[in-house]
Amino acid sequence: MKERALPEKILVAPAWPYASGPRHIGHVAGFAVPADVFARYHRLKGDEVLMVSGTDEHGTPVMVSADRNGVSPRELADRNNAVIRDDLRNLGISYDCFTRTTTRNHHLVTQDIFRTLHEKGYLVERSALGAFSPATGRTLPDRYIEGTCPICGFDGARGDQCDNCGNQLDPVDLIDPRSIIDGSTPEFRETTHLFLDLPAFAGRLEEWISAQDTWRPNVRNFSLGLVRELKPRAMTRDIDWGVVVPVDGYPADTKRIYVWFDAVIGYLSASIEWAHNVGRPDAWREWWQNPDARHFYFMGKDNIVFHTVIWPAMLLGYGSGGAFGAGRGDLHLPTNVVASEYVTMEGKKASTSRNVAIWVNDFLSRYDPDPLRYYLTAAGPETQDSDFTWEEFVRRNNDELLANWGNLVNRTLVNAYRNFGEVPKPSHLSDADSGVIAGVAGAFEEVGALIDEGRFRAAIAAAMRASTLANQYVAEQAPWALVKTDRERAATVLYVALRCVDSLKTLFAPFLPFTSQAVHEMLGNDGWLAGPLEYRVVGEEGEPAHEVLTGDYASWVGAWAPSELAPGQKLQEPRPLFRKLPPETVGEELERLGIS
RNA sequence: GGCGCCGUAGCUCAGCUGGUUAGAGCGCUGCACUCAUAAUGCAGAGGUCGGUGGUUCGAGCCCACCCGGCGCUACCA
């Protein structure tokens, strides 16, 4: 065993789900589930974890979606914040503070960073040709423009790229350009924006990224490619929904801060909000202005550039300056940026518009959260795209989760409950007894190390192997037969088996918090192994109150260590952990998706 | 077009810096068991690692080219 390290300060930073609509299971596979596994493991290990995030509510897509729904952007954001927050709570994603980007606090922090970067000369004014919708006067991002490709003549070319010939385009060059929102012809005008001077950070970024040997290779290589050709990037937009630009000449009714600029700041602002909410306003500095802290970001691969280039550039540029930094130390750069690939749905790329998606809330209305968490971890898009199929989901649920771990819990508890009603008292332990106890105990280090490396598939597989060890032991010892012939030996065997189950429940707790809690209770233990989440209404004067998703994780009784189950503890009547899904499930769900 | 990834048993995937008979889970076959949501355990069949050509004493792991699948290409989020 390694020497027990001192508790570490760990920031877990899952990407902020965008509030244009509900999220599908591919989204949560990228940011939420891996981040939560990581956070729960470190809390059980005794580290001081701060996991913050929220809904990302600014930007054009929210405005477009709001228009289509006939509501204001704020109303749409309110609605989707509530939907997404419920999804995450129901999935058991253990945020310390899941907030939103429309809070007053977030705007203040964003403006402080923006102002500081501007004062330091990292935000420079430039003019560029921009597309506007004549109907609304709003900016029209390249992707919202389509027309005929000037190269191949394809009619459905988008403003940034032609899907037919693959060439990159400039919307100005499109023949017969039109807005995909309302079909109107965009106007192109000169417009002035503040650009983040990314080339100024190129050297430092390249050096920093090169040194990151713990990053997944695709993240590191991709990022190195990016920093070699950096250009200044506009950080303001011609819209009226977003954080107000704290610079003269950028009036709030026409210019706002670019949504990605404020979204990445969310990690910092939500930490500050959390500190405020718990009544220790400076506590966030222990994570952000402490070089010994470690910061882990989780997201889908499409977010890499913002987390390995733009956000680090902003952090480097801000340094320890500005009102919030207050000269008390440089803001911490990411320790690791754990990017997932994509989840496809039955072989097709998830698409909101074509409704090729399995929405989290819809999924959870028919199935339990732990089997989904299991699937997204065991078959997740860790190193390459992975396909979600209902057939595979049913199989993983029935033939792996239920058959191996669920059945072990059930057979062990049923035997013990019926014959003893409590945790039986062991007598002499045989070699087989100590062997299985040691085998399961050994999994703690293995599973923990794999989680720490971000190898979640391997980690949950290792936990399953430990469960197999216990199944082998139970099969060999056959306590159901011993009960009739040698009650004392039966008591010992069942004690050993229960103790293994008690350990395994902890090994599975980061992945399967709900069922681990159920096992914890059935074994007669008290308290929260890895407790529940809750909503809390917060808000400062001068702003509408909002609800944050949080939890009282300090009260957890679980610890990342083998069980020392107390004999004599009263058992609860066992009930199955997982529902067996009938084969018809597959057909029903495919029909629901419109595939047959 | 540029950059990058992938192609290993029926399926889903591991194989870290090249080194003895290529691994796991599921599926399949047989046996055992019957406490358990017919769930478990044991044994076994089944790949020469997309193709070709190289480097090397030795390559799934390095190099070149080819075939097939995919992603990214940042002023969409």
Side-chain angles (χ1 to χ4, degrees), chain A residues 15-20 56-62 64-65 128-131 139-144 158-161 165-168 170-171 193 195-196 198 217-218 221-222 224-226 228-237 258-260 263 300-306 309-310 341-342 344 349 378-379 382-387 389 391-392 395-396 398-400 402-416 418-419 453 455 457-458 461-462 464-465 468 470-483 490 494 497 574-581:
Chain A
W16 289 51
Y18 196 58
S20 58
D56 175 14
E57 305 181 0
H58 300 309
T60 308
V62 162
V64 171
S65 181
L129 206 56
T139 311
L140 219 38
D142 294 354
R143 288 269 170 114
Y144 283 83
R158 294 177 315 194
D160 56 339
Q161 187 174 34
C165 65
N167 283 293
Q168 282 185 67
D170 191 309
H193 287 294
F195 284 66
L196 181 61
L198 290 168
N218 60 330
N221 293 338
F222 179 63
L224 281 173
L226 292 170
R228 290 185 183 128
E229 32 190 303
L230 287 175
K231 289 182 291 195
R233 181 160 170 160
M235 291 295 152
T236 52
R237 289 290 183 277
Y258 172 44
V259 60
W260 260 112
K301 60 183 164 185
D302 49 344
N303 284 357
I304 292 175
V305 62
F306 301 102
V309 177
I310 295 174
E341 306 293 305
Y342 287 143
T344 53
K349 190 172 174 180
E382 205 167 286
T383 56
Q384 54 188 290
D385 291 354
S386 75
D387 193 30
T389 66
E391 190 176 342
E392 183 74 355
R395 189 191 70 68
R396 293 259 185 193
N398 291 353
D399 300 339
E400 292 183 9
L402 187 154
N404 186 335
W405 167 231
N407 183 237
L408 173 72
V409 172
N410 200 231
R411 71 197 302 208
T412 309
L413 277 161
V414 166
N415 270 293
R418 276 193 203 147
N419 295 299
E453 292 169 31
R455 299 185 58 193
R457 293 176 76 126
M464 286 295 269
R465 277 199 301 280
T468 296
N471 264 323
Q472 288 169 331
Y473 169 82
V474 172
E476 282 163 16
Q477 302 297 323
W480 53 89
L482 286 171
V483 165
L494 284 171
R575 56 197 151 77
L577 284 185
F578 306 105
R579 286 185 295 148
K580 183 146 192 160
L581 300 174

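Any value given below was found using the heavy atoms of this structure, including those in side chains, with hydrogens, waters and symmetry copies removed. Predicted, not measured: the structure shown is a model, and the values here were computed from it. Residue numbers begin at 1 in each chain, while the letters A, B, ... track the order of the sequences.
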Next item on the list: Identify whether any heavy atom of A/Asn471 sits under 4.0 Å from a base atom; if not, whether one sits that close to sugar-phosphate; answer base, sugar-phosphate or nothing.
Entry: sugar-phosphate
Margin query: Using a 3.5 Å distance criterion without hydrogens, assess whether the side chain of A/Asn404 forms a donor-acceptor pair with backbone atoms of A/Glu400.
Written below: no
Note to self: I need the CD-P distance between A/Gln477 and B/C33, as an integer number of Å.
What the structure shows: 17 Å
Next item on the list: When you get a sec, tell me which of B/G25, B/U34, B/U40 is the closest nucleotide to the side chain of A/Ala403?
Entry: B/U40
Margin query: Using only atom types and a distance under 3.5 Å, with no angle test, would you say the side chain of A/His58 pairs donor to acceptor with the backbone of A/Val259?
Written below: no
Check: Within this structure, what is the CG-to-C1' distance between A/Leu494 and B/A36, rounded to whole angstrom?
Finding: 12 Å
Checklist line | Minimum-distance nucleotide (side-chain atoms of A/Leu577 versus B/U37, B/A36, B/A77) | finding: B/U37
Notebook entry, point to check: Are any of the side-chain heavy atoms of A/Arg411 and A/Asn471 separated by less than 4.5 Å?
Noted result: yes
Margin query: Which nucleotide, if any, forms a Watson-Crick or G-U wobble pair with B/G4, using both distances under 3.5 Å?
Written below: B/C70
Next item on the list: Name the closest nucleotide to the A/Glu400 side chain, picking from B/C26, B/U40, B/A77.
Entry: B/C26
Notebook entry, point to check: Phosphate oxygens OP1/OP2 of B/G41: is one of them under 4.0 Å from a side-chain N or O of A/Tyr473?
Noted result: no
Check: Which base, if any, makes a Watson-Crick or G-U wobble pair with B/U21, both distances under 3.5 Å?
Finding: none
Next item on the list: Mind checking A/Pro576 for me? I need base, sugar-phosphate or nothing, with any heavy atom below 4.0 Å counting as a touch.
Entry: base
Next item on the list: Take atom CD1 of A/Ile304 and atom P of B/A77, then tell me their distance rounded to the nearest Å.
Entry: 17 Å
Next item on the list: Please work out if A/Leu408 contacts a base, only the sugar-phosphate, or nothing of the nucleic acid, heavy-atom cut-off 4.0 Å.
Entry: nothing
Item checked: Closest nucleotide among B/A77, B/U40, B/U37 to the A/Ala475 side chain -> B/U40
Note to self: Judged by each residue's nearest nucleotide on RNA chain B, which is more toward the 5′ side, A/Ile310 or A/Glu476?
What the structure shows: A/Glu476
Checklist line | Nearest-angstrom distance, P atom, B/C13 to B/G50 | finding: 15 Å
Checklist line | Worked check of side-chain contact (heavy atoms from CB on, under 4.5 Å) between A/Arg395 and A/Thr389 | finding: CA-CA 10 Å; A/Arg395 189 191 70 68; A/Thr389 66; over 6 Å; no
Next item on the list: Would you classify A/Thr468 as touching base, sugar-phosphate or nothing, given that sugar-phosphate means primed atoms plus P, OP1 and OP2, and contacts are heavy atoms under 4.0 Å?
Entry: sugar-phosphate
Checklist line | Rounded distance in Å - CZ (A/Phe578) to C1' (B/A36) | finding: 15 Å
Item checked: Complementary nucleotide for B/A9 - Watson-Crick or wobble, under 3.5 Å -> none
Notebook entry, point to check: Rounded to the nearest Å, what distance is computed from the CG atom of residue A/Asn404 to the P atom of nucleotide B/U37?
Noted result: 16 Å
Item checked: Atom-pair distance (NZ on A/Lys231; P on B/U73), nearest Å -> 13 Å
Next item on the list: Let me see the working for A/Asn410 and A/Phe578 under side-chain contact (heavy atoms from CB on, under 4.5 Å), right down to the final yes or no.
Entry: CA-CA 10 Å; A/Asn410 200 231; A/Phe578 306 105; over 6 Å; no
Note to self: What contact category does A/Tyr342 fall into here, base, sugar-phosphate, or nothing, at under 4.0 angstrom with non-hydrogen atoms?
What the structure shows: sugar-phosphate
Margin query: Quick check for you: among B/C26, B/A36, B/C72, whose closest atom lies nearest to any side-chain atom of A/Phe222?
Written below: B/C72
Next item on the list: Check every strand shown and say whether A/Asn398 touches a base, only sugar-phosphate, or nothing at a heavy-atom separation below 4.0 Å.
Entry: nothing
Checklist line | Nearest-Å distance once atom C1' is located in both B/G10 and B/A45 | finding: 12 Å
Check: A/Arg579 side chain to A/Pro576 main-chain N or O, any donor-acceptor pair under 3.5 Å?
Finding: no
Next item on the list: Report yes if at least one side-chain N or O of A/Gln472 is closer than 4.0 Å to OP1 or OP2 of B/C42; otherwise report no.
Entry: yes
Margin query: Here's a test for you: under ring-ring contact (aromatic ring centres under 6.0 Å, His included), which of A/Tyr18, A/Phe306, A/Trp16 qualifies with A/Trp260?
Written below: A/Phe306
Next item on the list: Determine the contact category for A/Val259: base if any of its heavy atoms lies under 4.0 Å from a base atom, sugar-phosphate if only primed atoms, P, OP1 or OP2 are that close, otherwise nothing.
Entry: sugar-phosphate
Next item on the list: Measure from CG on A/Leu226 to P on B/G2 and round the result to the nearest Å.
Entry: 18 Å
Margin query: Can you tell me the base-pairing partner of B/A43? Count Watson-Crick or G-U wobble geometry only, both distances below 3.5 Å, and say none if there is no partner.
Written below: B/U29
Item checked: Sequence-aligned protein contact record of nucleotides 4-15 of chain B, with B where the base is within under 4.0 Å of a protein heavy atom and S where only the sugar-phosphate is -> --S-----SSSS
Next item on the list: If B/U56 has a Watson-Crick or G-U wobble mate with both distances under 3.5 Å, name it; if not, just say none.
Entry: none
Item checked: Interatomic distance at C1', B/C5 relative to B/A9, whole Å -> 23 Å
Margin query: Treating A/Ser65 as the side-chain partner and A/Pro61 as the backbone partner, does any N or O pair qualify as donor plus acceptor under 3.5 Å?
Written below: no
Next item on the list: In whole angstrom, give the distance that lies between atom CZ of A/Arg418 and atom P of B/C35.
Entry: 9 Å
Note to self: Say we look at B/C62 and B/U56: how far apart would their C1' atoms be, to the nearest angstrom?
What the structure shows: 9 Å
